[in-house]
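I have placed the structure first, in the form of structure tokens, so that the comments after it can refer back to it.
Fair warning: this is a prediction, and the values are worked out from it, not measured in the lab.
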Amino acid sequence: QVQLVESGGGLVQAGESLRLSCAASGRVFRINVMGWYRQAPGKQRELVATATNDGSANYADSVKGRFTISRDNAANTVYLLMNSLKLEDTAVYYCNADLYESGTYRRQEYWGQGTQVAVSS
């Protein structure tokens, strides 16, 4: 099994910044893509940003220019630096990993438990 543990959420005012972290542990052989998704109350979960193991990044249009995703491949960790936060960024943020498990070498997708980000005016 693989565990994804997120940290860094909290309550901030509009315009401020937060940095989320997500570390994968357990039976990790190789991680292909790590990313962040979010789900606001009453809405569907949506993509925020993803990063491949070769450094390519993809962002939702709503966060381009404000959020930056990065990875530490040696530590199986992904970060999301969120600048200029807006009220509409309020959501539960989930870490996601597309990876190969050690031992079985099966390709699996894992989700973290989520971390709350709340932006106030």
Applying the 4.5 Å side-chain criterion to the ILVMFWY set and letting contacts propagate, would Val78 and Val5 be lumped into a single cluster? no
Just by modelled atom types, is the Val119 backbone N or O under 3.5 Å from a matching donor or acceptor in the Thr90 side chain? yes
Heavy atoms of Gly8 and Leu18 approach each other most closely as O-CD2, 3.6 Å
With a 4.5 Å cut-off on side-chain heavy atoms, are Tyr110 and Gln1 touching? yes
Looking at OH of Tyr79 and SG of Cys95, how far apart are the two atoms once the value is rounded to the nearest 0.5 Å? 11.5 Å
Taking the side chain from Tyr59 and the backbone from Ile69, do they hold a donor-acceptor pair closer than 3.5 Å? yes
Does Leu80 belong to the same Ile/Leu/Val/Met/Phe/Trp/Tyr cluster as Val12, with side-chain heavy atoms less than 4.5 Å apart forming each link? yes
Which heavy atom of Lys86 sits nearest to which heavy atom of Asp89, and what is that distance? N-OD2, 2.7 Å
With a 3.5 Å distance limit and no angle check, can you tell me whether Arg27 reaches the backbone of Gly103 through a side-chain donor-acceptor pair? no
Between Arg38 and Ala91, which heavy-atom pair has the shortest distance, and what is it? CB-CB, 3.8 Å
Any non-hydrogen side-chain atom of Arg106 less than 4.5 Å from a side-chain atom of Phe29? no
Quick one: does Ser70's side chain get under 4.5 Å of Leu81's, heavy atoms only? no
What I'd like to find out is whether the side chain of Asn96 reaches to under 4.5 Å of the side chain of Glu109, using heavy atoms alone. yes
Walk me through whether Gln44 and Tyr37 qualify under side chain to side chain donor-acceptor pair (under 3.5 Å). CA-CA 10 Å; Gln44 290 189 332; Tyr37 291 72; over 6 Å; no
To the nearest 0.5 angstrom, please state how far the CD atom of Glu46 sits from the OG atom of Ser62. 5.5 Å
Spatial distance of atom SG (Cys22) from atom CE (Met34) [nearest 0.5 Å]: 4.5 Å
Residue pair Leu47 / Asn58, side-chain heavy-atom distance below 4.5 Å: yes
Check Glu101 against Val2 and note the closest heavy-atom contact, atom names and distance. CG-CG2, 4.5 Å
For Ser17 against Ser84, the heavy-atom pair lying closest together: OG-N, 4.3 Å
According to a hydrophobic-cluster definition based on side-chain heavy atoms being under 4.5 Å apart (Ile, Leu, Val, Met, Phe, Trp, Tyr only), do Val48 and Val92 belong together? no
Centre-to-centre under 6.0 Å for Phe67 and Trp36, is that the case here? no
Any heavy-atom pair between the side chains of Gln39 and Tyr94 that's under 4.5 Å? yes
Value rounded to 0.5 Å, distance of CZ in Arg66 from CG in Asn83: 9.0 Å
Is a donor on one side and an acceptor on the other found under 3.5 Å between the side chain of Glu6 and the backbone of Gln113? yes
Could you pull out the closest heavy-atom pair between Asn32 and Arg71, with the gap in Å? O-NH1, 3.1 Å
Just verifying a value: how many Å separate Tyr93 OH and Leu20 CG, rounded to the nearest 0.5 Å? 7.5 Å
Quick one: pull up CG in Asn53 and CD1 in Ile31 and give me the separation to the nearest 0.5 Å. 9.0 Å
